[in-house]
**Q** 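Can you keep this structure in mind? I'll have questions shortly.
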2 protein chains.
Amino acid sequence: MDMPDRATKRLDDAARAAWLYYIAGKTQDEVAGILGVSRQSAQRMVSLAMSSGLVKVRIDHPIGQCMSLAAALSERFGLSLCEVVPSLPGSDASLPVAHATADVIERWLLRPEAGVMGLGTGRTLRAAIEALPRIDCPQHRIVSLTGNIAPDGSTAFYNVLFSISDKVTAPTYPLPMPVIAASAAERDMLLTQKTIAAARDLAARADLAVVGVGQMDAAAPLLLDGFITRAELDELRAAGAVGEILGWAFDASGKVIPGLMNDRVSAADLWAGGAEGRQILGVAGGAGKLPAIRGALEGGLLNGLVTDEETATALLA
Amino acid sequence: MDMPDRATKRLDDAARAAWLYYIAGKTQDEVAGILGVSRQSAQRMVSLAMSSGLVKVRIDHPIGQCMSLAAALSERFGLSLCEVVPSLPGSDASLPVAHATADVIERWLLRPEAGVMGLGTGRTLRAAIEALPRIDCPQHRIVSLTGNIAPDGSTAFYNVLFSISDKVTAPTYPLPMPVIAASAAERDMLLTQKTIAAARDLAARADLAVVGVGQMDAAAPLLLDGFITRAELDELRAAGAVGEILGWAFDASGKVIPGLMNDRVSAADLWAGGAEGRQILGVAGGAGKLPAIRGALEGGLLNGLVTDEETATALLA
DNA sequence: TAATTGCTTGGGCAAATGTTCACATTGAGC
DNA sequence: GCTCAATGTGAACATTTGCCCAAGCAATTA
């Protein structure tokens with residue numbers, strides 16, 4: 001006659017109680033009745049089963065996996081906000097990422113407390129704004145974090161602020177200058193202009209900054225859109241640049257690279273006064289942006305991220 | 001810009017809420033805060049996720065599987081009590097089954113309301129009693145449901161009642177006659193004896209009957225213990241017998257076979273007056289007893305079962 | 001053998017959860 | 001353009017659950 005040790009017996013009972021409670025959907029009172037113990041004991045058993053890790057809960061839905069990844073990313077990189085969207089295999093990640101970003105922005109805009117939201121530029125961000133519904137939120141102010149004029153004078157992919165001003169009632173404050181000025185001198189001159197200086201001041205006080213993350217390879221947005229030349233790009237890469245946020249180029253450890261293009265950046269330095277209380281939300285997905293995103297996260301340039309499942313997995317690998 | 005349909009969107013939100021609630025362990029209030037909705041809405045989302053089957057809970061413990069099987073058996077065969085114990089691969093199932101039976105008996109004996117428990121015979125039952133702790137339960141009466149004397153006059157595996165009388169303070173009422181009488185006439189004569197008649201009357205009023213299930217093959221307990229001859233066994237099998245309970249032989253559909261050995265059975269007919277309110281608990285495990293157990297369940301001879309995982313799985317196959 | 005220590009038990013209470021109901025909002029159809 | 005139905009929302013209430021505390025019980029030690 002084997003004598004099962006007490007601990008095992010306790011776990012058995014706990015598993016039994018947990019089964020009745022979680023699987024059979026009994027109430028703890030019923031479990032207690034069935035097992036012939038008091039309700040409190042039943043509660044203790046269920047609790048024990050739970051804390052012993054006997055009870056496994058999983059969400060059988062793509063979003064479940066995503067939220068696990070989001071939690072892991074938050075933990076790993078100290079993010080206070082992280083959204084991971086399911087990546088539809090074989091399809092561009094930027095669309096779902098844009099949708100998720102729109103959701104985040106929408107939730108923020110619906111908050112009753114007045115705040116300042118800063119927006120960067122880029123295709124994904126543009127798509128996110130496109131997906132935004134009309135919202136009445138005059139309590140907020142929306143400011144462009146960076147110049148929103150392309151070198152050729154168009155606003156092609158950079159008129160994020162004009163797009164959002166059609167959707168929401170919040171006042172918007174554009175920064176009518178290029179993302180990257182032709183020269184450091186030109187930038188400094190532009191910054192003395194009143195409207196630009198005011199917008200930059202407002203940008204520096206943004207509570208939520210939504211920014212894209214640009215890569216530094218052949219598909220670099222800054223190159224494609226003509227802000228920098230191929231030679232300048234190569235120079236930056238030689239200096240270790242792996243990505244850029246608002247035009248600020250940074251290396252693999254997330255350090256902003258001194259000199260070069262960074263002397264011509266129009267954007268305010270979001271990290272200057274300490275980013276405490278400010279949500280800097282990166283929005284990016286796709287294998288090409290992986291080194292850039294990783295660098296930004298490693299360097300703490302972002303404390304929030306919206307990305308896709310695939311990229312999230314890769315970031316954690 | 002793909003337009004995800006509303007139903008999908010709702011499920012996504014529900015999954016998200018469920019994730020926060022079940023995996024992240026947030027309270028529904030917190031979930032509501034995070035998702036920017038009211039607590040009630042969060043509750044509805046979690047509820048939706050649950051009822052949509054998005055949330056899967058499993059108990060990571062052998063007992064979990066067992067209880068699933070027990071529930072299935074209860075459903076399939078209309079059992080009001082069913083216990084399935086983990087079968088340790090390669091080891092005899094009767095020991096864990098005996099332990100589980102002891103637990104059931106113990107729980108019953110600890111009930112404050114007075115009752116009558118009837119006991120059958122057999123090795124498993126004997127082992128169960130052996131595993132029973134000492135219990136003070138004078139409010140109950142314990143009666144032998146069947147004769148507890150072997151043909152050779154010994155009580156070898158059949159003195160279940162004597163064993164339990166050493167363990168508990170409840171009065172016990174043996175049935176001092178063979179399980180199977182030598183002849184129908186002998187049985188009828190014995191039944192006229194006062195003590196035997198009294199015990200049979202009590203047995204007929206048992207609230208809980210704990211009985212073994214015997215197989216009808218070469219390993220039949222009745223054969224091994226000399227109650228019937230090989231020829232009689234073959235005769236019974238020819239008549240369709242697949243098993244026996246308390247000596248009553250029954251066929252694959254659970255019908256008690258008329259005539260033959262059944263004319264000499266000492267046990268009271270538990271099913272005579274309708275088994276309403278009476279718990280008839282079968283105790284058996286092992287591949288050899290499978291046809292017998294299945295027959296008993298199919299015919300409704302049992303409304304309770306203690307068995308092992310392997311047997312339970314086979315019964316449901 | 002008696003006292004002590006540690007664990008378990010059940011009662012009571014506060015928080016969390018589930019349910020119901022009345023109302024608002026949205027969208028379809030006339 | 002209006003009405004009506006269907007669905008979603010929040011408030012109030014009922015139930016269930018989690019937790020703390022005092023008492024009981026068993027094992028251990030002096």
Side-chain angles (χ1 to χ4, degrees), chain A residues 3-55 57 59 103 106-107 109-112 132-137 167 169, chain B residues 3-55 57 59 103 106-107 109-112 132-137 167 169:
Chain A
M3 182 56 186
D5 65 291
R6 289 159 52 95
T8 303
K9 169 84 170 132
R10 283 188 65 75
L11 275 191
D12 276 14
D13 287 344
R16 197 189 292 255
W19 190 90
L20 288 167
Y21 182 62
Y22 289 107
I23 312 287
K26 307 278 181 190
T27 180
Q28 291 187 355
D29 256 321
E30 294 174 307
V31 173
I34 292 165
L35 266 49
V37 297
S38 72
R39 186 187 70 78
Q40 291 83 344
S41 298
Q43 196 275 329
R44 265 184 273 266
M45 285 185 196
V46 172
S47 174
L48 173 68
M50 186 57 109
S51 61
S52 304
L54 263 52
V55 181
V57 184
I59 308 295
D103 284 349
E106 178 178 356
R107 280 205 293 282
L109 288 176
L110 288 173
R111 286 170 31 168
L132 211 59
R134 299 187 177 277
I135 302 174
D136 181 46
C137 52
K167 297 287 189 89
T169 51
Chain B
M3 181 57 184
D5 64 290
R6 290 158 50 95
T8 303
K9 168 85 170 127
R10 283 191 66 74
L11 274 191
D12 275 15
D13 287 344
R16 197 189 293 254
W19 191 90
L20 287 167
Y21 182 60
Y22 288 109
I23 313 287
K26 307 278 182 191
T27 181
Q28 292 187 354
D29 257 322
E30 294 174 307
V31 174
I34 292 166
L35 266 49
V37 298
S38 73
R39 186 185 71 75
Q40 292 87 339
S41 296
Q43 197 275 327
R44 266 183 271 267
M45 286 185 194
V46 172
S47 174
L48 173 67
M50 188 56 111
S51 62
S52 304
L54 263 53
V55 181
V57 183
I59 309 296
D103 284 349
E106 181 180 351
R107 280 205 295 280
L109 287 176
L110 289 173
R111 287 170 31 169
L132 212 59
R134 298 188 178 278
I135 303 174
D136 181 45
C137 52
K167 296 288 188 83
T169 52

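So you know, we letter chains A, B, ... as the sequences are listed, proteins then strands, and number each from 1.
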**Q** Could you state the atom-to-atom distance from CZ of A:Arg39 to P of D:dG18 in whole Å?
**A**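 Going from A:Arg39 (CZ) to D:dG18 (P), I get 9 Å.
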**Q** Look at B:Ser41 and D:dG10 and indicate whether a side-chain polar atom (N or O) is within less than 4.0 Å of OP1 or OP2.
**A** yes
**Q** Check whether any side-chain nitrogen or oxygen of A:Gln28 sits under 4.0 Å from OP1 or OP2 of D:dG18, and answer yes or no.
**A** yes
**Q** Search all heavy atoms of B:Ala42 against all heavy atoms of B:Gln28 and return the closest pair with its distance.
**A** CB-O, 3.8 Å
**Q** How close do A:Ala49 and A:Ala18 get, counting heavy atoms only, and between which atoms?
**A**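 The answer is CB-CB, 3.6 Å.
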**Q** Does a nitrogen or oxygen in the side chain of A:Gln40 sit under 4.0 Å from OP1 or OP2 of C:dT9?
**A** no
**Q** Could you tell me the separation between the CG atom of B:Asp136 and the P atom of D:dC25, rounded to a whole number of Å?
**A**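 Rounded to the whole Å, the gap is 14 Å.
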**Q** So does B:Tyr21 get a side-chain nitrogen or oxygen closer than 4.0 Å to the phosphate oxygens (OP1/OP2) of C:dA16?
**A**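 Checking C:dA16 against B:Tyr21, no side-chain N or O comes under 4.0 Å of OP1 or OP2.
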**Q** Where do A:Leu54 and A:Ala15 come nearest, in terms of heavy atoms and distance?
**A**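 Heavy atoms of A:Leu54 and A:Ala15 come nearest at CD2-CB, 3.8 Å.
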**Q** Please report the distance, rounded to the nearest Å, between CG in B:Leu48 and C1' in D:dG8.
**A** 13 Å
**Q** Whole-Å distance between D:dT17 P and B:Asp29 CG?
**A** 18 Å
**Q** Do the side-chain N or O atoms of A:Ser38 get closer than 4.0 angstrom to the phosphate oxygens (OP1, OP2) of C:dT9?
**A** no
**Q** Take atom CD of B:Gln43 and atom C1' of C:dT20, then tell me their distance rounded to the nearest Å.
**A**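 Spelled out: CD on B:Gln43 to C1' on C:dT20 is 12 Å.
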**Q** Starting the side chain at C-beta, find the nucleotide from D:dG10, D:dC19, C:dG10 nearest to B:Arg44.
**A** D:dG10
**Q** Has A:Ser47 got a side-chain atom pairing as donor or acceptor with A:Gln43's backbone, closer than 3.5 angstrom?
**A** no
**Q** On the nucleotide D:dT15, are OP1 or OP2 found under 4.0 Å from the side-chain N or O atoms that A:Thr27 carries?
**A**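 So the side chain of A:Thr27 is outside the cut-off, no N or O lying under 4.0 Å from OP1 or OP2 of D:dT15.
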**Q** Can you tell me the distance, in whole Å, between the OH atom of B:Tyr22 and the P atom of D:dT17?
**A** 12 Å
